[in-house]
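I have placed the structure first, in the form of structure tokens, so that the comments after it can refer back to it.
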Amino acid sequence: QVQLVESGGGLVQAGGSLRLACAASGNIFRINTMGWYRLAPGKQRELVATITRGGSTNYADSVKGRFTISRDNAKNTMYLQMNSLTPDDTAVYYCYAGVTYWGQGTQVTVSS
């Protein structure tokens, strides 16, 4: 059983940066794909970024060049470095691991 806990959200001005972390209670080494979704009011859920066990990454077009996903299997933690934030990035960010495990979400608010 794996439990995921996000942290690092908050309020930031446009142009600023935040680093989200997703800490797993169990071993994530064997889980191939992990990633981040976000959900904003009035919008559909968006897959922001994914990373495989081997380190291959994919990003939504809306965040390419601004966000970086990474994972540290030894620390059972995944990260999302978010730079050049805009108000459109305001959302609740959820991490997931495999198809079963989800975090509770962390709010990111970007003010203009």
Side-chain angles (χ1 to χ4, degrees):
Q1 186 73 15
V2 174
Q3 291 185 327
L4 305 177
V5 178
E6 299 100 335
S7 62
L11 174 63
V12 65
Q13 288 188 331
S17 298
L18 285 173
R19 187 192 194 203
L20 305 183
C22 175
S25 61
N27 196 321
I28 63 172
F29 178 75
R30 295 184 178 181
I31 296 176
N32 187 35
T33 302
M34 300 181 66
W36 294 89
Y37 275 94
R38 66 185 180 185
L39 183 62
K43 296 183 179 180
Q44 289 190 339
R45 186 180 66 175
E46 181 181 22
L47 179 59
V48 175
T50 63
I51 185 167
T52 67
R53 186 171 56 203
S56 295
T57 58
N58 277 292
Y59 298 92
D61 287 343
S62 58
V63 307
K64 279 182 182 176
R66 300 187 299 120
F67 289 13
T68 302
I69 189 171
S70 61
R71 65 191 278 180
D72 186 333
N73 292 328
K75 295 183 178 180
N76 292 322
T77 303
M78 177 177 63
Y79 304 95
L80 185 68
Q81 177 66 43
M82 307 185 295
N83 298 328
S84 302
L85 286 162
T86 75
D88 286 342
D89 296 314
T90 295
V92 178
Y93 285 71
Y94 299 88
C95 66
Y96 75 93
V99 296
T100 306
Y101 307 111
W102 287 85
Q104 82 289 350
T106 186
Q107 176 71 47
V108 171
T109 302
V110 184
S111 63
S112 57

Salt bridge (charged side-chain N to carboxylate O under 4.0 Å, His left out) pairs, two or more places apart, involving residues 15-28: none
Taking only residues at least two apart or on different chains, which pairs with a member in residues 103-112 satisfy salt bridge (charged side-chain N to carboxylate O under 4.0 Å, His left out)? none
Of all heavy-atom pairs linking G98 and I31, the shortest is N-CG2, 3.3 Å
Listing request: all side-chain hydrogen bond (donor to acceptor under 3.5 Å, both in side chains) pairs with a residue in residues 39-48, at least two apart in sequence or in separate chains. R38-E46, E46-S62
Residue pairs fulfilling salt bridge (charged side-chain N to carboxylate O under 4.0 Å, His left out) with at least one residue in residues 94-112, sequence neighbours excluded: none
Sequence neighbours excluded - disulfide (SG to SG under 2.5 Å) pairs with any residue from residues 38-83: none
Residue pairs passing the side-chain hydrogen bond (donor to acceptor under 3.5 Å, both in side chains) test where at least one lies in residues 68-81, sequence neighbours excluded: R71-N73, Q81-N83
Going by chain and number, the hydrophobic cluster around Y96 (ILVMFWY, side chain to side chain under 4.5 Å) further includes Y37, L39, L47, V92, Y94, W102
Table please: side-chain donor-acceptor pairs of residues 2-9 below 3.5 Å, with sequence neighbours left out.
unit_1: E6; atom_1: OE1; unit_2: Q104; atom_2: N; d: 2.9
unit_1: E6; atom_1: OE1; unit_2: Q104; atom_2: NE2; d: 3.4
unit_1: E6; atom_1: OE1; unit_2: G105; atom_2: N; d: 2.8
unit_1: E6; atom_1: OE2; unit_2: C95; atom_2: N; d: 2.8
unit_1: E6; atom_1: OE2; unit_2: G105; atom_2: N; d: 3.2

Using 0.5 Å steps for rounding, measure from the CG atom of L80 to the OH atom of Y93. 7.5 Å
Would you list the atom pairs, donor with acceptor, under 3.5 Å between side chains in residues 53-61 and any protein atom, with sequence neighbours excluded?
unit_1: R53; atom_1: NH1; unit_2: R30; atom_2: O; d: 3.2
unit_1: Y59; atom_1: OH; unit_2: I69; atom_2: N; d: 2.9
unit_1: D61; atom_1: OD1; unit_2: K64; atom_2: NZ; d: 3.2

For V110, which residues count as a side chain to side chain contact (heavy atoms under 4.5 Å, CB included) partner, sequence neighbours excluded? V12, A14, L85, P87, D89, T90, V108
Show every disulfide (SG to SG under 2.5 Å) that has at least one partner inside residues 34-75, sequence neighbours left out. none
